[in-house]
Amino acid sequence: GDDCDDLDAASYEAVGSCAPSCASDALALHVPADYPTIQDAINEAAIGDTVCVAAGTYFENLNFGGKDIAITGSAGSAATIVNGGGLGSVLTAESGETMAATIEGFTFTGGAAANGGGIYVDGSGLTLIDVVVGENTATTNGGGLYAIEAELSLTAVDVTDNFAGSGGGGAWFQAAEVGWVGGLVGANQADGNYGGGLVLYSACFGNLSGVDIVDNHLDAATASSGGGGVYSSLSDLHLTNAGVIGNSTSGRGGGWYSYSDLAGNATNASFVGNEALNGGAGFVYAMASGGTLVNVVLHSDYASSDVDGFFDYSETTVATYSDLDESCRSSDNNHVLTEGAGNVVVDPAFITYSATLDPSRWDLHLRLGSGLIDVGDPSVVDGDGSRSDIGAYAGAAADSIWYGDRDGDGLFDGWELDHGLDPTTPDSATDADGDGLTNAAELEAGTYPEESDTDGDGTSDGDEVAAGEDPLAP
């Protein structure tokens with residue numbers, strides 16, 4: 001994406017944070033300047049046109065109507081909101097649209113439908129860029145997004161706080177091809193059989209890169225149901241640079257439940273803090289054809305029964321160059337990982353992690369000195385050309401510049417930007433939040449330099465550190 005959100009073109013940036021520039025396009029159909037509603041502009045548009053929507057909240061239920069057009073929010077997703085008012089899907093593409101049908105710079109919310117409360121795609125293509133799909137509901141599948149026999153390209157798309165009565169609280173993909181680069185699947189819920197966050201079902205092919213799957217929950221209808229974060233079946237799913245974090249289910253597979261899949265692979269991923277009542281808190285492979293885990297962290301995943309970290313019915317999944325806690329090697333259960341070369345068992349030394357802290361506040365980047373640095377698969381290199389680290393934020397596709405330090409103050413550039421500091425001005429000795437800890441001490445403690453009480457327990461971070469207490473444990 002364009003580098004308009006930070007300080008120079010070589011620096012760490014948040015993908016998709018730049019607002020589109022259609023406001024100055026004289027050929028575009030402008031809403032509300034030329035047309036009072038977005039749907040009015042869509043109805044008038046010809047194939048290839050751009051509908052340019054000014055900042056605001058629009059109470060509408062949109063339908064592409066078979067037109068390959070671009071619909072663009074000129075001020076970006078944070079400022080351009082379409083609310084479905086509980087009257088159906090907020091956006092529909094079901095008339096043979098192709099990938100040329102594009103949505104950029106919108107939030108879709110307030111939708112309610114049988115399938116796809118936020119976005120519904122059937123037999124069509126769709127491209128989404130800088131889109132938030134949040135607080136929508138489906139009585140059946142795909143609270144946020146439902147796509148069947150479809151082709152989708154998603155870039156910088158967040159699917160959060162959606163609900164489905166059966167499966168795919170965040171999104172349900174069926175017989176679809178999905179490419180997703182950058183984004184979040186967070187705090188979604190399903191009350192049924194499969195997938196609190198995502199479902200990929202029946203000849204579905206998915207490549208997800210840089211998509212974090214965090215704090216989703218499946219209230220499983222049966223003990224054999226599962227997939228707090230992700231459920232995939234009869235599909236082919238590849239996760240790269242993914243944090244599968246703090247998801248939960250009353251069934252199986254807190255992080256990912258892969259059932260009879262064609263393939264399922266994860267490279268440079270972190271399965272951390274997931275929970276399941278019936279086994280395989282991090283990951284379950286159930287009668288699948290087998291998969292591979294490369295440069296993966298399985299850490300602090302908990303199940304009430306069977307193996308905590310990984311439960312493999314097929315006994316064909318191979319892990320190499322991964323950090324596997326002892327639950328993945330359980331001697332009292334045969335359904336464990338097959339181990340290849342290069343695996344380790346170490347504390348990952350994440351920057352911010354505590355089992356009692358909300359998963360959305362964890363930072364799973366590695367501290368200097370972590371035993372996971374430069375010990376990944378030798379055939380995989382980080383963006384700086386060094387041997388890959390193990391975990392989600394490494395490998396060729398990761399933003400290695402996050403770990404830079406342009407001002408030489410000992411603070412990672414990415415960490416400074418994430419917490420509102422200036423990576424070009426030395427400020428390690430500054431106490432930004434007045435809690436008695438310098439910014440350097442905040443990084444060391446894993447606390448937030450912009451918040452005086454990171455764990456929200458009423459005692460400042462500085463006072464807890466001084467007293468020898470954990471500032472990340474309420």
Side-chain angles (χ1 to χ4, degrees), residues 3-8 11-19 76-79 107 132 134 156 158 160-161 182-184 186-187 210 212 214-215 243 245-246 270 272-273 348-368 370 392-393 399 401-474:
D3 193 275
C4 60
D5 59 312
D6 59 25
L7 299 170
D8 71 52
S11 70
Y12 164 83
E13 62 175 331
V15 176
S17 61
C18 305
S77 59
T107 292
V132 176
D158 292 348
T160 60
D161 298 292
L184 172 67
D212 286 335
V214 181
D215 197 24
I245 303 165
S270 297
V272 178
F350 298 130
I351 286 179
T352 300
Y353 173 77
S354 170
T356 57
L357 194 67
D358 190 288
S360 65
R361 297 174 67 78
W362 297 349
D363 183 346
L364 302 189
H365 286 89
L366 304 178
R367 295 174 176 273
L368 291 176
S370 167
Y393 304 112
D399 189 356
I401 298 173
W402 195 97
Y403 288 103
D405 183 14
R406 283 173 291 168
D407 55 14
D409 62 358
L411 307 177
F412 299 126
D413 287 348
W415 185 83
E416 292 200 64
L417 284 165
D418 287 346
H419 294 285
L421 303 177
D422 184 351
T424 66
T425 300
D427 51 10
S428 60
T430 301
D431 180 3
D433 55 10
D435 62 358
L437 295 179
T438 65
N439 293 336
E442 301 265 18
L443 176 58
E444 177 63 26
T447 51
Y448 281 30
E450 73 276 27
E451 298 182 18
S452 61
D453 181 16
T454 300
D455 59 11
D457 63 358
T459 304
S460 75
D461 295 336
D463 286 346
E464 291 196 78
V465 170
E469 299 173 353
D470 185 352
L472 302 179

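Although no hydrogens or angles enter the test, the distance criterion places no donor-acceptor pair under 3.5 Å between the side chain of D215 and the main chain of G186. At distances below 3.5 Å, not a single donor-acceptor pair connects side-chain atoms of S428 with backbone N or O atoms of N439. One N or O on the side chain of D409 and one on the backbone of D427 form a donor-acceptor pair closer than 3.5 Å. Side-chain atoms of T160 never come within 3.5 Å of backbone atoms of A187 as a donor-acceptor pair (strictly under, hydrogens ignored). Between the D453 side chain and the G458 main chain, a donor and an acceptor come within less than 3.5 Å of each other. Between the side chain of D431 and the main chain of G436, a donor-acceptor pair closer than 3.5 Å is present. At distances below 3.5 Å, not a single donor-acceptor pair connects side-chain atoms of D413 with backbone N or O atoms of L417. A donor-acceptor pair under 3.5 Å links the side-chain atoms of S270 to the main chain of A392, judged by distance alone.
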**Q.** Working for side chain to side chain donor-acceptor pair (under 3.5 Å), residues S360 and D358
**A.** CA-CA 5 Å; S360 65; D358 190 288; 2.6 Å; yes
Q | Stepwise side chain to side chain donor-acceptor pair (under 3.5 Å) check, T425 with D422 | A | CA-CA 6 Å; T425 300; D422 184 351; 3.0 Å; yes
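Taking the six-membered ring for Trp and thresholds of 30 and 60 degrees, H419 and W415 have ring planes inclined between 30 and 60 degrees apart.
Between atom CG of residue D461 and atom CD of residue E451 there is a gap of 8.5 Å, rounded to the nearest 0.5 Å. One distance of note links OG1 of T438 with CG of D433; it measures 10.0 Å at 0.5 Å rounding. The CD atom of E416 sits 10.0 Å away from atom CH2 of W402, with the distance rounded to the nearest 0.5 Å. Within the model, atoms CG of L357 and CG of L472 stand 6.0 Å from one another, a figure rounded to the nearest 0.5 Å. Between the CG atom of D363 and the OH atom of Y393 there is a distance of 7.0 Å, given to the nearest 0.5 Å. Note that CG of L411 and CG of L421 are 7.5 Å apart. Values are rounded to the nearest 0.5 Å.
Qualifying ring-ring contact (aromatic ring centres under 6.0 Å, His included) partners for Y403, counting only residues two or more places apart in sequence or in other chains: H365, F412.
For the residue pair P474 and T356, the shortest heavy atom distance occurs at CD-OG1, 3.5 Å. Nearest heavy atom pair, residue E442 against residue D435, reads OE2-OD2, 2.7 Å. Across P348 and S370, no two heavy atoms sit closer than the pair O-OG, 2.7 Å. Minimum heavy-atom separation, G410 to D405: N-OD2, 2.8 Å. Nearest approach of R406 to P423, heavy atoms of both residues: NH2-CG, 3.2 Å.
More than 12 heavy atoms of other shown residues, nucleotides or ligands fall within 6.0 angstrom of atom CD in E450.
Counting heavy atoms from C-beta outward, D463 and E469 have side chains that stay 4.5 Å or more apart. Between F350 and L366 there is a side-chain heavy-atom pair separated by less than 4.5 Å. The side-chain heavy atoms of T352 and T447, taken from C-beta on, include no pair separated by under 4.5 Å. No side-chain heavy atom of E444 sits less than 4.5 Å from a side-chain heavy atom of L437.
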